[in-house]
Q: 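This is the structure I have questions about; it appears just below.
Heavy-atom basis, side chains included; hydrogens, waters and symmetry copies ignored. As the structure is a prediction and not an experimental result, all values here were calculated from the model.
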2 protein chains.
Amino acid sequence: MSIILAILGFMTESAPPTPAQLMDQLARAAAAYYRHFAVASGEHGLTLMQGKVLGLLRRPMPMRTLAELLVCDASNVTGIVDRLQARDLVRRETDPADRRIKNVVLTTEGERTVERIRARLTTDLTALEQLDDEDRRAFQRLLGQVFP
Amino acid sequence: MSIILAILGFMTESAPPTPAQLMDQLARAAAAYYRHFAVASGEHGLTLMQGKVLGLLRRPMPMRTLAELLVCDASNVTGIVDRLQARDLVRRETDPADRRIKNVVLTTEGERTVERIRARLTTDLTALEQLDDEDRRAFQRLLGQVFP
DNA sequence: GCATATTGCTTGAAGGCATCAACCATCTAT
DNA sequence: ATAGATGGTTGATGCCTTCAAGCAATATGC
């Protein structure tokens with residue numbers, strides 16, 4: 001293989017990124033994701049954390065579970081849910097089987113809000129929809145591999 | 001193609017993820033990335049934001065630039081840099097060419113700290129190093145495509 | 001040159017998030 | 001029935017975040 005072709009090969013294929021470069025790109029991607037999320041939440045007067053909690057409530061769940069999913073102290077969740085409840089996006093229902101447990105439930109308004117946030121996010125990250133089947137599979141596999 | 005083979009095909013190839021599923025996985029990945037980052041920073045008594053600022057200071061830069069990179073108010077950076085400076089991880093140097101500008105510089109201790117945080121992060125995300133050249137290229141391309 | 005923006009940074013006030021210790025109510029186990 | 005574990009809240013403290021106001025230094029316009 002001539003040296004010219006070798007150079008051409010380099011130019012078209014380019015060297016694979018180092019782990020350090022990938023780490024940088026991950027940092028940028030994560031920052032970008034949360035920036036989008038914060039903006040989408042902010043459009044409804046919600047903080048990132050409030051938006052996150054709404055997004056988790058696909059089904060009612062105890063405060064405790066929310067704390068575990070958010071990887072934070074339970075006392076933290078109290079305040080966040082308080083503020084969501086003050087806006088009627090969420091309500092607490094004490095579990096009849098175990099009256100210590102308070103299940104957090106989305107109100108109708110809460111469902112509408114989370115739906116709009118999700119919609120905004122998908123129109124913001126249009127590129128996701130434009131990936132072909134192959135790329136979607138690869139992206140899913142790679143994300144799952146790096147963050148097991 | 002018989003229905004059996006079709007089912008087998010499904011089972012081995014599986015359907016490509018929908019954009020919504022990818023969005024979920026992105027949410028998990030971004031959360032995981034920041035959790036790792038927060039832990040790595042926390043090991044040195046630093047918050048996520050303080051760690052982020054240290055990580056940005058590969059070269060000295062004005063407070064203003066830091067605010068732009070962090071996408072936050074300039075007044076915010078004042079406090080963060082104050083706390084980093086109180087621990088001698090960083091110092092302010094007023095720019096001789098424009099004495100309004102204060103360039104934030106890593107101290108030797110700051111360099112060591114950021115190096116350790118980076119090291120911790122790369123050992124945490126070992127999977128990055130285990131990707132082959134093909135996967136690294138693909139991951140870089142996909143991340144760049146989704147978060148341009 | 002000099003008055004007037006403009007820019008870079010800081011301060012103070014107000015609110016949300018994060019963690020810890022202490023507490024109450026409820027459930028579980030012996 | 002008593003002791004311990006669990007779910008949730010409260011209060012204190014510190015950090016992040018934004019906004020409005022302000023100071024210092026530089027740029028701009030005449």
Side-chain angles (χ1 to χ4, degrees), chain A residues 31 34-35 37-57 60-87 89-105, chain B residues 30-31 34-57 60-87 89-105:
Chain A
Y34 276 126
R35 203 161 53 245
F37 201 112
V39 168
S41 302
E43 285 172 352
H44 301 274
L46 300 174
T47 66
L48 179 78
M49 273 300 128
Q50 292 166 1
K52 250 181 170 179
V53 167
L54 283 194
L56 287 175
L57 290 174
M61 55 179 70
M63 311 280 291
R64 195 78 187 71
T65 308
L66 279 173
E68 274 157 17
L69 293 176
L70 296 171
V71 194
C72 72
D73 196 90
S75 70
N76 208 335
V77 180
T78 298
I80 299 175
V81 169
D82 279 351
R83 287 180 278 275
L84 287 174
Q85 196 167 20
R87 300 191 191 206
L89 298 174
V90 129
R91 66 173 178 279
R92 287 164 162 98
E93 289 181 354
T94 68
D95 190 318
D98 183 343
R99 306 216 317 291
R100 289 172 302 180
I101 295 178
K102 307 213 175 142
N103 287 301
V104 186
V105 192
Chain B
Y34 275 127
R35 203 160 56 244
H36 284 297
F37 201 112
V39 168
S41 301
E43 285 172 354
H44 301 276
L46 300 174
T47 67
L48 180 79
M49 271 302 129
Q50 291 166 2
K52 249 181 169 178
V53 167
L54 283 194
L56 286 175
L57 289 175
M61 55 178 70
M63 311 279 291
R64 194 77 188 72
T65 307
L66 279 173
E68 275 157 17
L69 293 176
L70 296 171
V71 194
C72 74
D73 196 90
S75 71
N76 208 336
V77 180
T78 298
I80 299 174
V81 169
D82 278 351
R83 286 180 279 275
L84 288 174
Q85 196 167 21
R87 300 191 191 208
L89 298 174
V90 129
R91 66 171 179 280
R92 288 165 160 96
E93 289 182 354
T94 67
D95 190 318
D98 182 343
R99 305 215 318 288
R100 290 173 300 183
I101 295 176
K102 307 216 174 142
N103 287 302
V104 186
V105 192

Q: Rounded to whole angstrom units, what separation is found between the CZ atom of A:Arg83 and the C1' atom of C:dC17?
A: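 About 7 Å, once rounded to whole Å.
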Q: Respond yes when some side-chain nitrogen or oxygen of A:Asn76 is under 4.0 Å from OP1 or OP2 of C:dA18, and no when none is.
A: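 Looking at the OP1 and OP2 atoms of C:dA18, one of them is under 4.0 Å from a side-chain N or O of A:Asn76.
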Q: Hey, could you give me the CG/CE distance between B:Leu54 and B:Met49, rounded to the nearest 0.5 Å?
A: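 Going from CG on B:Leu54 over to CE on B:Met49, the span is 12.0 Å.
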Q: Need to verify one output field. Residue with the more 5' nearest nucleotide on DNA chain C, B:Ile101 or B:Asp82?
A: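 Result of the comparison: B:Ile101.
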Q: Answer yes or no: is there a donor N or O on one side and an acceptor on the other, between the side chain of B:Arg35 and the main chain of A:Val71, under 3.5 Å?
A: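 Side chain of B:Arg35 to backbone of A:Val71, a donor-acceptor pair under 3.5 Å: no, none is there.
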Q: What is the distance, rounded to the nearest whole Å, between atom CG of A:Asp73 and atom C1' of D:dT13?
A: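 It is 14 Å, rounded to the nearest whole Å.
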Q: Below the 4.0 Å mark, does C:dT10 have OP1 or OP2 next to a side-chain nitrogen or oxygen of B:Arg92?
A: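 Answer is yes, contact under 4.0 Å.
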Q: Please give, in whole Å, the distance from C:dT28 P to A:Arg99 CZ?
A: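 Rounded to the whole Å, the gap is 12 Å.
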Q: Ignoring the backbone of A:Cys72, work out which of C:dC17, C:dT11, C:dT19 is nearest its side chain.
A: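 Out of C:dC17, C:dT11, C:dT19, the nucleotide with an atom closest to A:Cys72's side chain is C:dT19.
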Q: What integer distance in Å separates B:Leu66:CG from D:dT17:C1'?
A: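 Atom-to-atom, B:Leu66 to D:dT17, this comes out as 16 Å.
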Q: Taking the side chain as every heavy atom from C-beta outward, state whether A:Lys52 and A:Leu46 have any atom pair closer than 4.5 Å.
A: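 No. Closest side-chain heavy atoms not under 4.5 Å.
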Q: With rounding to the nearest 0.5 Å, note down the distance linking CG in A:Asp95 to CG in A:Asn103.
A: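 The distance works out to 5.0 Å.
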Q: Do B:His44 and B:Gln50 make a side-chain contact, defined as non-hydrogen atoms from C-beta onward lying under 4.5 Å apart?
A: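 SC-SC contact between B:His44 and B:Gln50 ruled out.
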Q: Just the rounded figure in Å: distance from C1' of D:dT17 to CD of A:Gln50.
A: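 It works out to 13 Å between those atoms.
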Q: Atom CG of B:Asp95 and atom P of D:dT26: how far apart are they, to the nearest Å?
A: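 Checked: the CG to P distance equals 10 Å.
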Q: Within less than 4.0 Å of OP1 or OP2 of C:dT7, is there a side-chain N or O belonging to B:Arg64?
A: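 No.
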Q: Can you check the B:Leu84 CG to D:dC16 P distance for me, whole Å?
A: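 Going from B:Leu84 (CG) to D:dC16 (P), I get 8 Å.
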Q: Return yes if the base of C:dT7 and the side-chain atoms of B:Arg100 contain a donor-acceptor N/O pair under 3.5 Å, otherwise no.
A: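 Indeed there is one.
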Q: Whole angstrom is fine here: how far is it from OH in A:Tyr34 over to C1' in D:dC16?
A: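 In whole Å, D:dC16 C1' lies 16 Å from A:Tyr34 OH.
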Q: Is B:Ser75 side chain donor-acceptor paired with the C:dC9 base, going by distance under 3.5 Å alone?
A: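 For B:Ser75, whose side chain was compared with the base of C:dC9, there is no donor-acceptor pair (under 3.5 Å).
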